[in-house]
Engineer: 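This is the structure I have questions about; it appears just below.
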Protein chains: 2
Amino acid sequence: MIDEVKLKDQNGLFRSISEDTWRKLLPHIEEFDMPLGLVLSDSGCSQSYLYFPTNAIVSLLYNLENGSSAEIAVVGYEGCFGVSIFLGGQSTLTTAVVQSAGKSYRIKASVIMEEFNNSSPLRNLLLRYTQAVITQTTQTAVCNRHHTIDQQFCRWLLLSLDRLDGNELVMTQELIANMLGVRREGVTEAAHKIQAEGIIKYTRGHISVLNRPMLEKRACECYHVVKDEYDRLLPHTLAI
Amino acid sequence: MIDEVKLKDQNGLFRSISEDTWRKLLPHIEEFDMPLGLVLSDSGCSQSYLYFPTNAIVSLLYNLENGSSAEIAVVGYEGCFGVSIFLGGQSTLTTAVVQSAGKSYRIKASVIMEEFNNSSPLRNLLLRYTQAVITQTTQTAVCNRHHTIDQQFCRWLLLSLDRLDGNELVMTQELIANMLGVRREGVTEAAHKIQAEGIIKYTRGHISVLNRPMLEKRACECYHVVKDEYDRLLPHTLAI
DNA sequence: AATGTTATGTACGGTAACGCACATAAGTAA
DNA sequence: TTACTTATGTGCGTTACCGTACATAACATT
């Protein structure tokens, strides 16, 4: 069964839930495995669970009619996926895909809604998280308009890295290209430049970050803006 | 004083507020004039009012360090500005600027919060609206990545037009460029093409839409996606 | 009418990213 | 080993958009 002692430390939102709310939710928390590529929600489908990743990363993508796509936001241990449940729209137009395999927990939508409506601490927490996601989405919009692939590649690496243990990342250039909504060759080029500067080492789907401070310098402002806003809105949620 | 009979019909969210909530809010509704260019909230500043435009349009912009900017979403009679109040973060990193002058109403943040916490109908309404704004932001992100200036110009015209009476729009190319986050010359070119096709007529800050169906055809899918999602989430809020 | 200001038009070299085609290399399976 | 698949490298012409500079035209001011 679930180890209740460790449970609360595995997701940032869990850690921020007050004691009495926690006691009510605890019986309804289910373990849920997230293999790479799993689609958690297709565009327009109603959500029946709120997902809380631990070491997994979920990408929120938007797919255009012509088949091209772009990542809107990324969710890891610091948050949850399925905000449309408590925003009331039930579904979203975004597709959620597991970008990095791992474990997560989930809670039935009905259970969350019950608590959301009756407990303002949980509601406040989830809404503050929602604003953090909005910030990330906003920043993505501006980033897509104004920053180079190089910069966005670095930003993306950092956001992913923050949600993982260690300094390695399993991800092909093809997939990164899909996230950024650019050509695979564009990512190849960007990765080359960054590697030439000794910042990363790229080998067939494995990226090792060798010099994180430099990576942050090469990234656009968007990374820090988003990170700082998460820190502000969810102060005790992040550092694990 | 405020004409209470007409009041409820001037903003889509007002119209969707239930009778008893409405009676409680009514004494706190203030008139507020929105002249062109007025800045309602600077990046990082705390919001003390929730604004409900009637015939005014508010642009949510994001300003980058280097001075360039991009519009994230647009708010008119169908919604409100200041969602960060009830999301709990108080401030946002976006700047809100009056894009088209007009009248609006506003309610003190404290009054809204009181109702938001005690009345689930108002809460549900505002949260559904929040999801609609998220959709718009998401679509902006993808649009910035994948669509041409021509398409975005058309989309932008349509979104503005939907929030105004008539088929005319007072707006210089310079300002549109700022919204879209592109060069002014880029907008000049786009406007030329669209005008050459007889879809609009552009004269020194005045745009008349002559053929709206064609304008919709020239726009990217983003316009309809956003519009349909607003219709879904706020069914009785739109058509005035 | 003369002048200034604001909005728009036009031109041109530069560049980031695209689409496409194909080469290479690193793993995988037989 | 051999063959196959998958991931990455590379080249090249094309395009959309940029930055800059400057011209024109409409309106405003006196």
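Chain letters run A, B, ... following the sequence lines, proteins first, then strands; residues in each count from 1.
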Engineer: In whole Å, what is the span from the CD atom of A:Gln152 to the P atom of C:dA16?
Structural biologist: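 Taking CD of A:Gln152 and P of C:dA16, I get 14 Å after rounding.
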Engineer: I'd like to know if B:Asp150 and B:Lys193 make a salt bridge, using a cut-off of under 4.0 Å between side-chain N and carboxylate O.
Structural biologist: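 Result for this pair is yes, salt bridge flagged.
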Engineer: Does anyone know the first and last nucleotide of DNA chain D in reach of chain A, 5' to 3', at under 4.0 angstrom to a heavy atom?
Structural biologist: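 The protein-touched segment is D:dT6 to D:dT10.
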Engineer: Look at atom CG of A:Asn66 and say whether more than 12 heavy atoms of other residues, nucleotides or ligands are closer to it than 6.0 Å.
Structural biologist: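 Correct, the count exceeds 12.
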Engineer: Are the side chain of A:Gln152 and the backbone N or O of A:His147 linked by a donor-acceptor pair below 3.5 Å?
Structural biologist: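 At least one qualifying donor-acceptor pair exists.
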Engineer: Ignoring hydrogens, what is the shortest heavy-atom contact between A:Ala73 and A:Val133? Give both atom names and the distance.
Structural biologist: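 Heavy atoms only, the tightest pair is CB-CG1, 4.4 Å.
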Engineer: Considering non-hydrogen atoms only, spot the tightest contact between B:Ala190 and B:Ile149 and give its length.
Structural biologist: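 Smallest interatomic distance, heavy atoms only, reads CB-CG2, 4.1 Å.
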Engineer: Specify the closest pair of heavy atoms between B:Gln195 and B:Ile200, including all atoms of both residues, with the distance to one decimal.
Structural biologist: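 Closest heavy-atom pair between B:Gln195 and B:Ile200: CG-O, 3.4 Å.
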Engineer: Does the ring centre of B:Phe32 sit less than 6.0 Å away from the ring centre of B:Tyr51?
Structural biologist: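 Yes.
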Engineer: Quick check with a 6.0 Å cut-off and a 45 degree axis cone: is B:Arg155 positioned over the face of B:Tyr223's six-membered ring?
Structural biologist: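 Output no; distance or angle outside limits.
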Engineer: Answer whether the closest heavy-atom distance between the side chains of B:Tyr105 and B:Glu31 falls below 4.5 Å.
Structural biologist: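 Result yes, sub-4.5 Å side-chain heavy-atom pair found.
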Engineer: What donor-acceptor contacts under 3.5 angstrom involve side-chain atoms of residues 91-98 of chain B, with partners at least two apart or in another chain?
Structural biologist:
residue, atom, partner, partner atom, Å
B:Ser91, OG, A:Arg232, NH2, 3.2
B:Thr95, OG1, B:Asn63, ND2, 3.1

Engineer: Tell me, which of residues 191-202 of chain B have any heavy atom that sits under 4.0 Å from an atom in DNA chain C?
Structural biologist: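 Here the set is B:His192, B:Tyr202.
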Engineer: For the residue pair B:Arg163 and B:Tyr230, would you count it as a cation-pi contact if the rule is NZ or CZ under 6.0 angstrom from the ring centre and within 45 degrees of the ring axis?
Structural biologist: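 Because its charged atom sits under 6.0 Å from the ring centre and within 45° of the axis, B:Arg163 does stack over B:Tyr230.
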Engineer: Using a 4.0 Å cut-off on protein heavy atoms (strictly under), produce a 5'-to-3' string for nucleotides 25-30 of chain C with B for base contact, S for backbone-only sugar-phosphate contact, and - for none.
Structural biologist: BBS---
Engineer: For a quick test of reading the model, state the closest non-hydrogen atom pair linking B:Cys154 to B:Leu215 and the distance between them.
Structural biologist: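 Closest heavy-atom pair between B:Cys154 and B:Leu215: SG-CD1, 3.7 Å.
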Engineer: Which heavy atom in A:Pro53 sits nearest to a heavy atom in A:Cys80, and how many Å separate them?
Structural biologist: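 Smallest heavy-atom distance, with atoms named: CD-CA, 4.3 Å.
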Engineer: So that I can tick it off, tell me whether A:Glu197 and A:Arg218 are bridged by a salt bridge, with the cut-off set at under 4.0 angstrom between side-chain N and carboxylate O.
Structural biologist: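 Looking at A:Arg218 and A:Glu197, the cut-off is met.
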Engineer: Atom CZ of A:Phe153 and atom C1' of C:dA16: how far apart are they, to the nearest Å?
Structural biologist: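 In whole Å, C:dA16 C1' and A:Phe153 CZ are 17 Å from each other.
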Engineer: Show the nearest heavy-atom pair for residues B:Thr137 and A:Ala141, with the distance to one decimal.
Structural biologist: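 Minimum heavy-atom separation between B:Thr137 and A:Ala141: O-CB, 4.4 Å.
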Engineer: May I ask you to list the residues of residues 169-186 of chain B, by number, that have any heavy atom positioned under 4.0 Å from an atom of DNA chain C?
Structural biologist: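 By residue number: B:Thr172, B:Gln173, B:Arg184, B:Glu185.
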Engineer: What bend angle does the helix from C:dA1-D:dT30 to C:dA30-D:dT1 show across its length, from five-pair end axes and to the nearest 10 degrees?
Structural biologist: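 Computed angle between terminal axes is 30°.
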Engineer: Could you check how far CD1 of B:Ile149 sits from P of C:dA17, rounded to whole Å?
Structural biologist: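 The distance from CD1 of B:Ile149 to P of C:dA17 comes to 15 Å, rounded to the nearest Å.
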